[in-house]
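Everything below concerns the one structure shown next.
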Amino acid sequence: MSSNTFFFLTVTFTILSILGQVSTNIYSPFFYDLAKMYNSHVEVVEQSVAIFLVAFSISQLVSGIVCDYINKQKLLLCGILAFCLGTVMIILADTESTFLFGRIIQGLGGGVGVSVSRGLSRQIFTEKQLNISLSLTNIAFAIAPAVAPMMGTLIGESFGTIAIFHVVLMMGVIALLLLSSILTAVEKYTPATSINVLSETLGLIKTSMMNILFIGMASGFLYGIVFSFITAAPSMVMEQFGLSKTMFSICSLFATFSFVLGSLINIRLVAIPALRKFKFSSLCIFMLSLIFLLLVAGLNLDGLVTTLGFSYAAFFFIGIAMPCSVTILLGFSETSAGFLAALTGFFHLAGAAIGAYAVTILTMDPVVSFSYVTFALSLTSLFTCLLYKKHNNTPRH
């Protein structure tokens with residue numbers, strides 16, 4: 001495979017993977033504007049994040065499992081077309097129900113890109129190319145949630161709120177054009193489907209499903225902390241503390257820097273087993289969330305510095321934990337890697353949906369709600385880690 005082909009494939013797979021994140025974070029500074037536009041409540045717009053994540057996670061799971069048995073290229077095309085259709089519905093929406101339905105269609109289409117592109121990467125790249133491609137995709141995953149709100153703020157304040165979704169649609173069309181241009185190369189390098197995939201997957205489910213469930217849930221709940229922050233941050237930063245959309249975007253950017261720093265530290269700690277790093281990070285996040293809850297709910301120290309300080313520290317350890325969880329989950333089997341990749345995404349996004357939704361249903365102040373949700377998620381994550389230890393009959397990590 002030539003370097004140019006590898007570059008275009010990686011760029012295309014990366015765009016397909018981050019479309020969902022961008023489409024969610026890009027309009028987060030405009031929750032109140034959208035609520036006013038639809039004569040609705042901001043809580044309804046906030047819940048659009050959780051609704052999208054539910055659809056996204058289900059789509060990612062189903063498409064990841066199915067892609068091992070059907071044409072992956074056609075499945076990707078269907079996914080990106082569905083994403084674009086959902087975006088068009090949002091652009092044309094004049095009620096909150098149409099807006100929410102468009103987000104569901106977006107999620108169903110966007111989830112296909114993550115699992116299927118990851119499965120294709122494993123099939124057509126060499127080990128070295130795969131490491132480079134996944135590293136670039138992970139960097140994009142980390143940067144997108146911070147850059148998207150800043151981009152959305154610039155577009156929304158300059159051209160209006162709906163213009164944000166025109167840009168999302170443009171990104172979808174670009175991804176569609178890129179995907180169409182690489183179909184020949186993908187078909188050339190994609191091997192035939194193995195006849196042993198089904199039997200290997202069934203054997204994996206029989207022998208290791210409980211362990212997969214425990215580590216998947218533990219990592220998913222940590223991911224939920226990230227999305228509880230993403231969902232609650234507009235209310236905390238702009239409403240409760242009175243900062244501007246620009247300052248909100250800057251706060252989100254520093255959260256991303258913390259996550260990226262944790263990921264870089266994880267690379268430096270390559271000699272330490274992934275499971276040990278994951279458990280240690282989970283413990284640290286739990287201790288941080290406990291201290292944060294005591295400060296906020298017990299001592300009423302719910303200021304901006306306390307909130308952002310906890311968030312940045314938690315994001316640092318989550319940046320260490322998340323790559324470790326993927327390594328552990330994918331280590332259960334090589335033949336069923338697509339199935340495991342789909343489960344990984346499902347666990348993470350299901351946890352993200354729980355975190356995003358939970359922080360919207362509590363009627364307390366945004367910071368207090370955020371502190372309770374993060375404590376509950378970190379406690380549950382740590383508890384499932386202990387369950388995983390009791391059922392430690394899996395390969396060593």
Side-chain angles (χ1 to χ4, degrees), residues 1-23 56 59-84 87 106 109-145 147-148 168-194 197 260 263 267 323 326-327 329-330 334-342 344-345 348-349:
M1 181 183 297
S2 67
S3 57
N4 286 337
T5 301
F6 169 71
F7 172 77
F8 282 114
L9 288 173
T10 298
V11 169
T12 303
F13 291 162
T14 300
I15 292 177
L16 289 171
S17 297
I18 68 171
L19 273 178
Q21 277 192 322
V22 172
S23 69
F56 193 89
S59 173
Q60 185 171 336
L61 175 64
V62 174
S63 62
I65 296 173
V66 170
C67 76
D68 286 332
Y69 307 97
I70 64 175
N71 187 286
K72 293 181 175 64
Q73 300 93 300
K74 293 181 179 178
L75 186 57
L76 275 176
L77 283 173
C78 291
I80 191 62
L81 286 173
F83 178 86
C84 291
T87 307
Q106 266 191 337
V112 175
V114 179
S115 291
V116 180
S117 62
R118 187 179 296 167
L120 278 173
S121 297
R122 290 184 170 275
Q123 289 185 325
I124 65 181
F125 292 153
T126 65
E127 183 177 352
K128 181 179 179 180
Q129 290 172 332
L130 180 61
N131 287 332
I132 295 173
S133 178
L134 291 180
S135 296
L136 292 174
T137 302
N138 287 335
I139 291 173
F141 264 125
I143 294 176
V147 174
V168 173
L169 178 61
M170 187 183 304
M171 292 183 61
V173 172
I174 292 173
L176 179 61
L177 294 175
L178 285 173
L179 180 60
S180 301
S181 69
I182 64 169
L183 287 179
T184 302
V186 171
E187 186 175 354
K188 177 181 178 181
Y189 292 103
T190 303
T193 302
S194 172
V197 173
V260 171
S263 299
I267 296 174
V326 176
T327 300
L329 287 168
L330 295 182
E334 293 182 5
T335 305
S336 302
F339 170 72
L340 291 170
T344 301
H348 289 175
L349 289 170

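By convention here, the first residue in the shown sequence is residue 1.
Taking the side-chain hydrogen bond (donor to acceptor under 3.5 Å, both in side chains) definition, one finds that S17 meets it with S117, sequence neighbours left out. With sequence neighbours excluded, the residues forming a ring-ring contact (aromatic ring centres under 6.0 Å, His included) with F56 are F52, listed by chain and number. For the side-chain hydrogen bond (donor to acceptor under 3.5 Å, both in side chains) test, no residue two or more places apart in sequence or in another chain qualifies with S63. Not counting sequence neighbours, the partners of T87 by the side-chain hydrogen bond (donor to acceptor under 3.5 Å, both in side chains) test are Q106. Listed by chain and number, the residues in a side chain to side chain contact (heavy atoms under 4.5 Å, CB included) with I174 are M170, L178 (sequence neighbours excluded). Applying the side chain to side chain contact (heavy atoms under 4.5 Å, CB included) rule to V260 yields the partners A142, T256, L264; only residues at least two apart in sequence or on another chain are considered.
A donor-acceptor distance shorter than 3.5 angstrom exists from the side chain of S115 to the backbone of Q60, with no hydrogens or angles considered.
Going from atom CZ of F13 over to atom CD1 of I18 covers 14.5 Å, rounded to the nearest 0.5 Å. Considering CG of L179 and OG of S181, their distance stands at 7.5 Å, rounded to 0.5 Å. Annotation: the span from I182 atom CD1 to T12 atom OG1 amounts to 4.0 Å, rounded to 0.5 Å.
Shown here for S180 and L77, the closest heavy-atom pair between the two residues is OG-CD2, 4.2 Å. Annotation for L169 and C84: closest pair CD1-O, 3.8 Å, computed over non-hydrogen atoms.
I80 pairs with exactly one of L19, I15, V112 by the side-chain contact (heavy atoms from CB on, under 4.5 Å) rule, that one being L19.
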